[in-house]
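Below is one structure; the comments refer to it alone.
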2 protein chains.
Amino acid sequence: MYSTVMSTSERLIEATRELLWERGYVGTSPKAIQQQAGAGQGSMYHHFAGKPDLALAAIRRTTEEMRAAAEATFADGRTAHERISAYLLRERDVLRGCPVGRLTMDPEIIASAELRAPVDETLDWLRHRLAGIVQEGLDQGEFAPSVVPDEIAAAVVATVQGGYVLARASGSPDAFDAGVRGLLSLLAPPPNSH
Amino acid sequence: MYSTVMSTSERLIEATRELLWERGYVGTSPKAIQQQAGAGQGSMYHHFAGKPDLALAAIRRTTEEMRAAAEATFADGRTAHERISAYLLRERDVLRGCPVGRLTMDPEIIASAELRAPVDETLDWLRHRLAGIVQEGLDQGEFAPSVVPDEIAAAVVATVQGGYVLARASGSPDAFDAGVRGLLSLLAPPPNSH
DNA sequence: GTCTATAGCAGGATAGAC
DNA sequence: GTCTATCCTGCTATAGAC
């Protein structure tokens, strides 16, 4: 249930976002959405064509938020290493998992080009954005010349996404933090580099 | 459908393993299992108490296989770096995702201590096993002294698990491979180390 | 061991009144 | 715009015959 300052359509989208995050697409039913949104059956089908349509609206909003959150962390550092650190170390609700990455495990999301597109585009954008930052660091001599920006970017995003898996398996964020620290330690400029 | 050389109970377990991998726990119904196994309703409930019981048997077998597969790769190298490389570079059905890691995104698996336990124990075992290998490499002077075994182990497993996410999002194994190469490049002994 | 029958409930959606 | 009624199918399981 949400406060009445939100329109019914807004509440439906927010409810869907919550449920997709927690239970995935397959595990989320229209009835559950309606209950969480405090909206009736008729209301939902008035505003949205059905479950896929509503899910698409929810996924689009979630991916937009993810981009904004990532972009915000990139402003937090001067050097490439600082900006990547800021991204990796930013506060996360680790045990809830990634609301975007989670969707990739859903067979019906993957099977639908429309539903998969925002997920794909967002993770792709993130990798390219990170690769650009790595390239800048490379240009500044911050990293070993053997570093390949696309590969480091993929490793950074994968460490985060995989960190969620380890954390949820163990019921503790420790493994997430350990993975991030491990990657950052490998990426750290050698002590003799200045 | 499976060949008749397998017992009904075996076919039920194998069918459940396939469906859990592809659709997760929430997305897998007893009826789907029965159809895939070529078994009737009564058969399933004769051999297993219900969906959770059958899932537990399937998960246990899948986690056992995962351990054996990982252990096999660790025999493939002499140095720590070689053994970690072998683990990371081993052939995988990347677009299908990890049959164990996938389960962590399932709310009903996480909510059940019994179902989560084998998943947790297996990923935990893998991290400890890798940490031991990193420690050996550290003892041999293979890695920088700043390397922390537990952290590198977590980063290795997370890169694999997250690589699956990136691959499935994009519909291509490329991002998985890139992440793995990125991590390995950072872990590579410096060229002047010999 | 396997089969069919049955049950109660939820999923996903449509229809039409208000 | 929202509500209630209704629909058909599938989920998860139990019962009891064979």
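Quick note: numbers below take in every heavy atom, side chains included, and nothing from hydrogens, waters or symmetry partners. Quick note on labels: first sequence line is chain A, next is B, and so on, each numbered from 1.
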Non-neighbouring partners of A:E136 that pass side chain to side chain donor-acceptor pair (under 3.5 Å), sequence neighbours left out: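 Counting only residues at least two positions away or on another chain, A:E136 forms a side chain to side chain donor-acceptor pair (under 3.5 Å) with A:R83.
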
Interatomic distance, [X] [atom1] vs [N] [atom2] [rounded to whole Å]:
X: A:D53; N: C:dA13; atom1: CG; atom2: C1'; answer: 14 Å
X: A:L19; N: C:dA10; atom1: CG; atom2: C1'; answer: 15 Å
X: B:M44; N: C:dT4; atom1: CE; atom2: C1'; answer: 16 Å
X: B:F48; N: D:dA13; atom1: CZ; atom2: C1'; answer: 16 Å
X: A:Q34; N: D:dG1; atom1: CD; atom2: P; answer: 18 Å
X: A:I33; N: C:dA10; atom1: CD1; atom2: C1'; answer: 14 Å
X: A:R23; N: C:dG11; atom1: CZ; atom2: P; answer: 9 Å
X: B:R11; N: C:dG1; atom1: CZ; atom2: C1'; answer: 12 Å

Assign each of B:H46 and A:Y25 the nucleotide of DNA chain C bearing its closest heavy atom; nearer the 5' end lies the nucleotide of B:H46

Face-on cation placement of B:R102 at B:W21 ring, 6.0 Å and 45° thresholds: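 Pair B:R102/B:W21 does not count as cation-pi.
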
Applying side-chain contact (heavy atoms from CB on, under 4.5 Å), name anything that partners A:R90, two or more places apart in sequence or on another chain.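 A:R90 satisfies side-chain contact (heavy atoms from CB on, under 4.5 Å) with A:A69, A:T73, A:Y87, A:R92 once adjacent residues are dropped.
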
Nearest to the side chain of B:H47, which nucleotide is it out of D:dA13, C:dT2, D:dT2? C:dT2

Applying side chain to side chain contact (heavy atoms under 4.5 Å, CB included) between B:L183 and each of B:V160, B:T159, B:I152, report the one that passes. B:T159

Output yes when A:E151 and A:R127 qualify as a salt bridge under the 4.0 Å nitrogen-oxygen rule, no when they do not.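 Between A:R127 and A:E151 there is no salt bridge, as every charged N stays at least 4.0 Å from the carboxylate O atoms.
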
Using a cut-off of strictly less than 4.0 Å, decide whether B:T8 has a side-chain nitrogen or oxygen near OP1 or OP2 of C:dT2.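 True: B:T8 side-chain N/O within range (under 4.0 Å) of C:dT2 OP1/OP2.
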
Taking A:V26's backbone N and O only, do any of them form a donor-acceptor pair with A:D106's side chain (distance below 3.5 Å, no angle check)?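 Checking the backbone N and O of A:V26 against the side chain of A:D106, a donor-acceptor pair under 3.5 Å is found.
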
What N/O pairs connect the protein and nucleotides 5-11 of chain D at under 3.5 Å? Give each pair on its own line.
unit_1	atom_1	unit_2	atom_2	d
D:dC11	OP1	B:S29	OG	3.1

